[in-house]
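Before any comments, here is the structure.
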Amino acid sequence: TARAGAHILAQASRYLQKANVDHSGPVDVDEIQETDSKVLRLYEKTHSAISELIDLLLECDRNYVRSALGIGSEGPRETEDFVNPDFDATNMSAVLVKKVGALLHRLPFELKVCTADSLMGNKNTPATEEVPFPFSLMRTIGNYMNARHAVVLHWRDPPGDKKSKSGSVLSAPVMYVQPSVAIHKSSS
């Protein structure tokens with residue numbers, strides 16, 4: 001699920017935008033510049049965090065595949081049969097989970113997996129169960145998800161709901177822009 005998580009984050013970054021802060025009414029130019037500067041820094045920090053996470057996930061996945069196939073850092077040798085019978089990804093996955101956990105708090109959203117029934121098919125759990133997306137090397141996305149699962153970006157509430165003088169929440173402006181949906185001319 002590490003590689004799939006990198007893909008999900010890459011897609012999420014496509015729909016981030018610099019938040020437009022409404023400057024209606026009497027304006028203080030210094031306050032507007034400070035507000036815009038804060039919003040821009042938040043936007044840049046979000047993109048930086050997503051980029052770092054994607055790089056980490058892809059590098060760990062690359063190392064996982066190379067180790068599983070028994071390929072050394074210098075590449076495959078002609079006599080290698082691409083088998084590593086002693087391969088155990090438990091430590092690699094534990095390190096990945098720890099590193100990802102250290103970076104996830106920097107995102108303005110959480111990646112969650114939602115389903116109509118529980119992930120393991122237990123009918124005794126609530127129908128609206130949400131679990132964090134498992135950034136792991138031990139499962140593939142095909143073995144984890146099925147048609148009843150959805151990955152959801154759950155936007156975090158602003159910390160403390162601190163409001164500025166103008167009433168807008170500066171600590172976590174909405175940075176999502178809806179994709180434009182239209183029927184292509186040749187399809188109509």
Side-chain angles (χ1 to χ4, degrees), residues 1-17 42-76 80-159 172 174-179 181:
T1 56
R3 190 179 318 157
H7 182 73
I8 292 165
L9 288 169
Q11 292 301 315
S13 72
R14 293 177 59 207
Y15 299 107
L16 291 179
Q17 69 173 357
L42 178 64
Y43 174 77
E44 289 171 353
K45 284 180 182 180
T46 300
H47 270 283
S48 172
I50 289 173
S51 177
E52 286 179 44
L53 270 167
I54 290 171
D55 290 345
L56 171 68
L57 291 166
L58 293 178
E59 183 63 30
C60 288
D61 184 66
R62 186 178 301 112
N63 291 340
Y64 169 80
V65 170
R66 294 180 76 77
S67 296
L69 294 175
I71 299 174
S73 59
E74 64 282 343
E80 243 173 325
D81 33 349
F82 300 109
V83 177
N84 187 357
D86 300 326
F87 177 67
D88 181 13
T90 307
N91 289 338
M92 267 186 188
S93 194
V95 168
L96 173 66
V97 169
K98 185 177 180 182
K99 287 181 178 181
V100 166
L103 292 173
L104 282 177
H105 74 279
R106 292 175 45 199
L107 297 177
F109 54 81
E110 299 173 72
L111 267 80
K112 299 210 175 215
V113 177
C114 302
T115 182
D117 50 333
S118 79
L119 292 174
M120 300 302 164
N122 184 355
K123 303 295 182 194
N124 298 329
T125 58
T128 58
E129 182 177 329
E130 290 184 355
V131 295
F133 186 83
F135 294 97
S136 171
L137 297 170
M138 303 301 280
R139 293 181 116 164
T140 64
I141 196 72
N143 289 336
Y144 179 72
M145 296 193 65
N146 63 40
R148 296 188 56 95
H149 289 127
V151 177
V152 176
L153 299 180
H154 183 252
W155 291 86
R156 295 186 175 142
D157 293 330
V174 176
M175 296 181 3
Y176 176 77
V177 59
Q178 287 187 317
V181 178

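Annotation: the span from R3 atom CZ to L137 atom CG amounts to 10.0 Å, rounded to 0.5 Å. From D55, atom CG reaches atom CD1 of I50 across 12.0 Å, with rounding to the nearest 0.5 Å. With rounding to the nearest 0.5 Å, the separation of CG in L153 from NZ in K112 is 11.5 Å. Of the inter-residue distances, the one linking M138 atom CE with M92 atom CE reads 11.0 Å to the nearest 0.5 angstrom. Atoms CD1 and CD1, from I8 and I141 in turn, are 5.5 Å apart once rounded to the nearest 0.5 Å.
Among residues two or more places apart in sequence or in another chain, the side-chain hydrogen bond (donor to acceptor under 3.5 Å, both in side chains) test is passed with S93 by S136. Looking at residues two or more places apart in sequence or on another chain, you find no side-chain contact (heavy atoms from CB on, under 4.5 Å) involving A94. Evaluation of the side-chain hydrogen bond (donor to acceptor under 3.5 Å, both in side chains) rule for S51 yields no partner, not counting sequence neighbours. For N91, the side-chain hydrogen bond (donor to acceptor under 3.5 Å, both in side chains) criterion is met by no residue, not counting sequence neighbours.
Ring geometry for Y144 versus F133: interplanar angle over 60°, hence perpendicular rather than tilted (30 to 60°).
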Which atom pairs, one a donor and one an acceptor, fall under 3.5 Å between side chains of residues 95-111 and the rest of the protein, sequence neighbours left out?
unit_1	atom_1	unit_2	atom_2	d
H105	ND1	A102	O	2.9
R106	NH1	E52	OE1	3.1
R106	NH1	E52	OE2	3.4
R106	NH2	E52	OE2	3.2

Yes or no on side-chain contact (heavy atoms from CB on, under 4.5 Å) for V151 and M145, after CA distance, side-chain angles and deciding distance?
CA-CA 9 Å; V151 177; M145 296 193 65; 3.7 Å; yes
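Considering every non-hydrogen atom in both S67 and F87, the closest pair reads CB-CE1, 3.4 Å. The shortest heavy-atom contact between A6 and L57 is N-CD1, 3.6 Å.
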